[in-house]
2 protein chains.
Amino acid sequence: MKPPRARRGGGRPTIADVARLAGVGAITVSRALREPERVSESLRQQIQRAVDELDYVPDPNARALASARAEVFGVLVPSLTNNVFAEVVRGVYDSLSDTHFRVQLGNTHYSAVEEVRLLQLFLSQRLGARMDPRSQRRLAGYRAAMEAARLFDPDLITTTPVPSSVTLGSDLFRGALAKMPSLDGVFCNNDDLALGVLFECHRASIAVPDRIGICGFNDFDMMQIAYPSVTSVRTHRYEIGRQAVVMAREAIAGMRLKNPIVDIGFELKLRDSTNRL
Amino acid sequence: MKPPRARRGGGRPTIADVARLAGVGAITVSRALREPERVSESLRQQIQRAVDELDYVPDPNARALASARAEVFGVLVPSLTNNVFAEVVRGVYDSLSDTHFRVQLGNTHYSAVEEVRLLQLFLSQRLGARMDPRSQRRLAGYRAAMEAARLFDPDLITTTPVPSSVTLGSDLFRGALAKMPSLDGVFCNNDDLALGVLFECHRASIAVPDRIGICGFNDFDMMQIAYPSVTSVRTHRYEIGRQAVVMAREAIAGMRLKNPIVDIGFELKLRDSTNRL
DNA sequence: CTGAAAGCGCTAACAG
DNA sequence: CTGTTAGCGCTTTCAG
């Protein structure tokens, strides 16, 4: 018979410690914590006291390993510095705050296969406004509306693989105006660009909205207070994150999703930048 | 003797499967994956082939449980929608991208004690500009500089518990100007406020910088392209995230940090908004 | 309602 | 350089 090996684990109390102190089996502690209603009132209190005294906190890794369930929400976003995605993440995060789920950012390490797939996905989404599927669909919507109004002219559209920014908005607008001096309105794929256009108008003393109308997309808070205030399309980003969590949890619970695709809607915020009197 | 229980685990291949296929011990597979140099070339290849064939991916939970090391970087930020913190997170994330570390956001579930502590920390940091320690230190710096120049006047300072925003900048500026019509410069605690001031100036036809000079803090990209461009203080947010990771990893590796406090520095970006000719 | 035993998948320790 | 053994801390299964 060999001597027992030295214990490896850190000093943290384990479920066994709690069980011993409470004078019950480990599994009862486990149950008391996860399904309190399945444990008698008295034992539950006894256990709670032991938990408090030892300051016991379950180990999520052991739990995940034993139950084969992770309680981790992976969130994959193309860009962390983009406010749009930051708000989606916040929606996800808040929706999970009352659960034991952890939020993990863009983990491509989980699966080698996923890693490649996601990497490609990432790459395919950040190379620029033109390739981003969301941008493409906005463009399609713009086109459809313009065609319906018999105003569509492909030459009026500018796309670029350069990442969107306020600076880019200024630059593109300057170029567009040079090519088409009679230009009298700009619909920007997002608010950054719209702000860039606005600043460029100030710089060049171009009256907004009288000479040039401006409309952005996303409706960041700033658009409302800009001078003049800028018309934009408000998307419900936070709600997207929230809904995503709701649906994911339903799916996890084995429920079949009634509406695998939810239309979160949007709002057109009409402001001064397009309000020609 | 009882019959063996049915296996529970999901269908995913385990390290034992790989070991069997490669004709080696499980621990050798483990080593081949984590410390390839400690395994002979030939076995390593054999193992790699088995890994590929089975599409084996190590279970991070089991790994964490067995090694008592987590490979998870917890990141706690006061606000996800604040660009400053988003960039810090990005710095953290990028610095970790070539490792197996996972990034986990503001996990307060890890420890009940921590949860309370962090919650309080969070609450204490987002209630408004005045309570934020960073803001306080900026204010202290401003005060020191003004006193050195014998220009300090407490009445010129406006603080508020309202969360910072562009709108707030407009509002505060309007109020300050009403109280002190001779006001000729504004140093804002952050760029949002500065932009609000700028827009308000446009709105009220106040010349910038001739009538009012404006300086922000953080130096978001927008400040450079705003009209007029806005002077600001650039902080190295991404670098903060990166450094934090470096230091954390050194600490994990058991190294004693030479400089537990690193001065990342800053840059004053002088622009048109304070450039009175 | 409670518990004992048997793993979950992996790695540290201890031998070769 | 490789393998054997004994857990990591929790939960599932099976049995009261």
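All heavy atoms count here, side chains included; hydrogens, waters and symmetry mates do not. First the proteins, then the strands, lettered A, B, ... as listed; each starts at 1.
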- Between dC8(D), dA12(C), dC10(C), spot the one nearest the side chain of I27(B), thanks. dA12(C)
- Query: When the distance from CG of N61(A) to P of dC10(D) is rounded to whole Å, what number comes out?
  - Reply: 10 Å
- Note on the structure: What residues 38-52 of chain B contributes to the DNA chain C interface at heavy-atom separation below 4.0 Å is none
- Item | Test side-chain contact (heavy atoms from CB on, under 4.5 Å) applied to A244(A) - qualifying residues, sequence neighbours left out | none
- Item | Gap between atoms CG and P, on L54(B) and dG9(C) respectively (whole Å) | 14 Å
- Is there a side-chain contact between I264(A) and T235(A) (heavy atoms, below 4.5 Å)? no
- Item | End axis versus end axis in the helix from dC1(C)-dG16(D) to dG16(C)-dC1(D), the angle rounded to 10°, five pairs used at each terminus | 20°
- Query: Under a 4.0 Å N-O cut-off, is there an ion pair linking R49(B) with D52(B)?
  - Reply: no
- Check every atom of dG3(D), dT11(D), dG9(C) against the side chain of A66(A) and return the nucleotide holding the closest atom. dT11(D)
- Query: Side-chain contact, heavy-atom cut-off 4.5 Å: M223(A) with N218(A)?
  - Reply: no
- Item | Worked verdict on D17(A) versus L21(A) for side-chain contact (heavy atoms from CB on, under 4.5 Å) | CA-CA 6 Å; D17(A) 298 326; L21(A) 183 59; over 6 Å; no
- Message: With the threshold set at under 4.0 Å for non-hydrogen atoms, list the residues of residues 29-36 of chain B touching DNA chain C in residue-number order.
- Response: S30(B), R34(B)
- Looking at side-chain heavy atoms only, is the closest gap between H236(A) and E267(A) below 4.5 Å? yes
- Do D219(B) side-chain atoms and V233(B) backbone N/O form a donor-acceptor pair below 3.5 Å? no
- Message: Holding to salt bridge (charged side-chain N to carboxylate O under 4.0 Å, His left out), I want the full list of residues that pass it with E239(B), two or more places apart in sequence or in another chain.
- Response: R242(B)
- More 5' along DNA chain C: D59(B) or G25(A), using each one's nearest nucleotide? G25(A)
- note: R63(B), atom CZ; dC10(C), atom P; distance rounded to Å ~ 8 Å
- Message: Just N and O in the side chain of T28(A): are any of them under 4.0 Å from OP1 or OP2 of dG3(C)?
- Response: yes
- Would you call F220(B) and V166(A) a side-chain contact if the rule is heavy atoms closer than 4.5 Å? no
- Note on the structure: Y56(A) atom OH is separated from dG9(D) atom C1', nearest whole Å, by 7 Å
- Item | salt bridge (charged side-chain N to carboxylate O under 4.0 Å, His left out) partners of R31(A), counting only residues at least two apart | none
- Query: If only atom types and distance count, is the side chain of D191(A) paired as donor or acceptor with the main-chain N or O of F217(A) below 3.5 Å?
  - Reply: yes
- Message: Between P on dG9(D) and CZ on R12(A), what's the gap in Å once rounded to a whole number?
- Response: 9 Å
